[in-house]
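Contents: one structure, followed by commentary.
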Amino acid sequence: MIRAGLHALLSHWWRHPFQLVTLMLGLATATALWSGVQAINAEARASYDRAARTLAGSERDILVARDGGDITLDTFVALRRAGWQVSPLIEGRVDTDAGPLNVIGIDLFTLPMDDLPEGIGTFGGSPDFVAGDGQLLVSPATQRRLADAAGLPPRVSLADMPDAVAYTDIGVAQRLLQRETFDRLVIAAPPALNAPPLSQVAPTLARRAARSGNDIARLTDSFHLNLTAFGLLSFAVGLFIVRGAIGLAFEQRRGVFRTLRALGLPARLLLGLLVAELLVLALVAGALGVALGYVIATLLLPDVAATLRGLYGAEVDGALSLRPIWWATGLAIAVLGTAVAAAGSLWKVAHLPLFAPAQPRAWARASDRAMRLQAMASAGLLAVAALLGWVGGGLVAGFVLLGALLVGAALALPMFLSVTLAAFARLSKGPLAQWFWADTRQQLPGLSLALMALLLALAANIGVGTMVNSFRATFTGWLDQRLASELYVTAPSEADAADLRAWLDPRVDAILPIRSVDATLGGAPGEIFGIADHPTYTDNWPLIEAGPDVRDRVASGEAVLINEQLARRETLWPGDTIALPGWTEATIAGVYSDYGNPTGQAMVGLSRFDALFPEAPDLRYGLRVSGDTDALARDLQAAFPGAQVTDQAAIKRLSLDVFERTFTVTAALNVLTLSVAALAILTSLLTLATMRQPQLAPVWALGLTRARLGQLELLRALLLAALTFVAALPVGLALAWVLLAVINVEAFGWRLPMQLFPRDWLWLAALSLLAAGFAALLPAIRLSRLPPNELLKVFAHER
Amino acid sequence: MLKVEKLKKSFAGADGPVPVLRGVDLSLEAGHTLALTGDSGSGKSTLLHLIGGLDTADSGHILLDGTDITTMDDRARAKLRRNSIGVIFQQFNLIPSLDLAANIAFQARLAGTYDADWTDELTRRLGLADHRTKYPEQLSGGQQQRVAIGRTLAARPRLVLADEPTGNLDETSGAEVLSLMLDLVGDTGAALLVVTHSRDLASKMERQLHLRQGVIER
């Protein structure tokens with residue numbers, strides 16, 4: 001019985017292979033976009049974990065040389081003797097026969113084991129590690145790579161070790177790197193109670209707060225959340241195709257279901273067979289989608305990696321590795337998506353009246369009740385969106401608002417189109433025009449899912465496009481203001497810095513020190529900058545909120561400026577106070593915009609900064625130059641070869657490059673989403689085409705040529721796409737507002753002014769018409785070439 | 001083998017329940033044929049659906065070989081339809097994605113009583129041997145109804161119910177199909193209950209009953 005029932009059900013797909021392809025394609029595409037994004041996220045997170053594990057002692061404070069140089073053995077010994085629990089570290093690259101190798105030297109006796117990669121923890125140490133030639137602890141992959149490398153100590157392969165890195169005893173590392181000093185000292189435990197202060201034992205060293213991989217993961221969460229939201233949107237658009245294909249397949253088989261039931265197939269078994277059929281289809285399409293997602297992720301990952309590196313300093317490998325959990329979640333989301341898309345159809349089958357006559361095209365005539373329900377759901381969702389926009393707070397509320405807005409708008413689309421087409425029909429004259437409008441309206445139920453997918457894709461394009469372009473316009477202007485100095489220079493050491501200032505003094509208009517320290521601001525890691533009292537800052541600095549006499553109060557050390565991120569996060573505005581190290585109630589005089597920076601920041605007058613942080617390095621300067629900047633840069637570089645000189649244009653170029661790459665991924669996802677929507681229209685039109693014959697045959701018989709009917713089909717698709725675009729425009733702008741005023745503020749901490757770009761809309765409108773035109777072309781050509789006897793069958797009652 | 005007693009059925013209407021069957025009694029012996037006639041709305045099809053286990057009665061009994069099917073649950077009625085009853089519909093109700101051979105064999109396979117020789121013989125006697133690989137949409141109405149008859153009889157049911165079996169066919173095709181159906185049903189020894197408007201078709205049955213406003217006229 002099961003075999004016979006399954007045979008009857010599956011035979012539908014053999015007879016309608018295109019429908020099967022549509023279903024598989026929709027599901028595979030949806031899964032691909034989702035799993036592609038998830039693969040990128042997973043790879044990035046794995047990289048953060050690797051980074052956290054690679055850096056020995058990364059989760060503890062460290063001591064570094066103030067001048068950026070090395071730390072001597074004497075300093076280390078002095079600190080240990082004074083009661084400072086420090087452990088030395090050295091890192092460097094060794095060129096081997098098998099390519100470069102990063103060597104990290106550690107001291108197993110002073111560095112806590114839990115600061116080391118897990119592999120070393122299990123290794124536990126061996127006498128050979130420190131004796132004789134020592135040992136290099138490497139991953140199995142690195143072990144294989146170094147198999148033939150000469151001149152290296154013996155290698156020990158350990159599982160769960162990062163690749164391309166070798167851990168060894170500090171003495172061995174010094175020998176390999178031909179150095180006698182250390183890079184940094186990890187503070188393994190709090191200093192002894194009677195230990196003298198650092199400034200007394202090692203005045204050349206500065207303490208730097210820990211910045212672990214977890215910090216990076218936290219900082220980049222917003223970015224990954226945005227990617228996930230896009231993945232979800234693409235998945236939702238793909239599900240519209242799946243919903244359409246499953247709905248059509250079920251409706252076309254409704255008669256078969258009844259017959260099967262009438263012939264004695266139990267209802268539960270029928271339902272079970274349908275679920276099994278869908279499960280198999282979902283798994284096959286899901287596997288296909290995951291494979292496709294891998295390709296997408298491989299293509300996008302380099303841009304994501306560049307973005308994360310540029311924005312957050314987070315290192316992500318440009319290569320993707322296949323993870324079992326990723327395959328599993330990809331397949332799970334495909335099955336879940338199919339379940340969501342098929343739930344309505346399965347419910348209908350479960351409640352199918354057994355002896356009612358089959359209505360093969362009932363699905364194409366959406367009942368007034370269904371339309372009313374959809375309109376009510378839409379109104380409800382839009383009300384939720386409005387409410388959240390009004391009173392909601394937090395990133396999750398922002399995304400719920402986004403979801404409610406998009407789904408609510410999509411559900412309202414059929415009603416909008418129906419009302420608009422009815423209005424056109426009233427205005428039309430002549431039988432052909434009246435038939436065209438009425439017929440277009442009749443097609444709405446069949447096409448609405450695809451058009452809803454198009455609306456979502458277009459709204460996402462408009463919304464994200466508006467956000468990116470608003471961001472670009474604001475960011476460019478902001479960079480011009482913020483990077484006012486013509487040249488930026490960093491001296492290699494404090495001694496060089498003094499010579500540098502003396503050399504520069506007669507050659508430039510002003511030397512503006514750029515001094516900073518890491519500090520905790522509002523309970524989170526941040527930075528404090530000291531700024532000189534100079535018109536460069538006061539004239540150009542982009543303040544978004546300012547109290548009275550900002551310039552004088554900051555310059556005199558009476559008040560501070562904070563960045564927008566910190567202001568919004570802690571709800572601190574001019575007149576409020578903030579606690580800085582050594583200054584518990586610093587009054588805020590103004591708030592400045594600070595795009596691209598994920599952390600909080602405060603600026604104090606230089607004299608106050610010096611008093612608060614006398615140990616802060618004084619190595620970087622902005623230079624105001626009125627003469628030939630290039631010539632000065634060349635002379636400066638020649639006089640101080642160790643100095644790092646950057647001109648304003650280069651920094652701007654770099655900043656804009658980071659910015660552009662940030663949105664490369666979202667732009668690519670946008671294009672993919674639009675492509676999926678075009679695919680949805682194509683598949684809907686093609687599947688509807690066969691069911692259109694009874695509607696078109698009478699019109700053909702009354703004197704319209706097949707070619708003319710084909711043209712009208714094409715026109716219909718263009719018209720519906722155009723109307724969908726009109727509906728998508730306000731939705732897209734609302735989406736842009738949500739992204740700029742809610743999501744961005746919650747995720748990144750800054751708010752951008754929204755700007756409009758009508759030329760982009762025209763371009764997108766043309767693109768959507770082109771997509772709809774292409775999608776409708778094949779069905780239109782098919783119709784214009786349909787053999788007359790096919791149309792005659794309609795009248796012969798043989799269909 | 002079939003006994004219907006005081007069978008009642010009503011449907012919900014705008015002004016309350018609308019009675020369709022008001023206490024029907026009838027019986028049919030194995031190997032015999034019976035025609036049930038009546039005007040539109042007289043309750044013929046409803047009665048057929050109830051006897052076929054496609055719907056449930058409000059009250060009364062339907063005994064098939066002594067077993068009351070009105071007390072059966074959905075699963076048991078599905079088994080009954082599968083194994084004991086064959087229904088021939090006016091609209092043929094073939095499975096469009098299966099070819100002719102698969103359609104004819106379908107109910108027998110579902111019931112687990114598939115007999116290749118008997119199915120072949122049926123296909124040949126129904127004049128469909130040259131069309132085995134065709135799909136329903138490629139067949140004429142008469143051919144489709146012959147496939148439906150073949151599908152029903154291939155499972156060797158004890159009771160065959162036919163709802164206007166020639167209603168969608170022209171006169172010639174209708175006569176051919178009816179003749180074939182009577183011959184084949186006779187060969188299987190099944191009882192045949194036909195619901196029809198056609199007096200001509202009814203006259204070909206051994207007994208005729210007329211249903212008027214939900215009651216059998218004697």
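Residue numbering restarts at 1 for every chain, and letters A, B, ... go by the order of the sequence lines.
- Ranked by heavy-atom pairs under 4.5 Å with chain A, the first of B:Arg151, B:Gln138, B:Arg77 is B:Arg151.
- Checked by atom type and distance alone, the side chain of A:His16 pairs as donor or acceptor with a backbone atom of A:His12 at under 3.5 Å.
- With B:Val177 as the fixed residue, the side chain to side chain contact (heavy atoms under 4.5 Å, CB included) test singles out one of B:Leu182, B:Thr172, B:Ile149: B:Ile149.
- In this structure, A:Arg253 forms a cation-pi arrangement with A:Phe250, its terminal cationic atom sitting closer than 6.0 Å to the ring centre and no more than 45° off the ring axis.
- Only the side chain of B:Phe89 comes within contact range of chain A, with heavy atoms under 4.5 Å apart.
- The closest donor-acceptor contact from the side chain of B:Asp99 to the backbone of B:Ala102 lies under 3.5 Å.
- If you tally non-hydrogen atom pairs under 4.5 Å between each of B:Arg82, B:Arg75, B:Lys79 and chain A, the highest count goes to B:Arg82.
- Interface remark: of the candidates A:Ile2, A:Leu10, A:Thr259, A:Leu265, A:Thr259 forms the most heavy-atom pairs closer than 4.5 Å to chain B.
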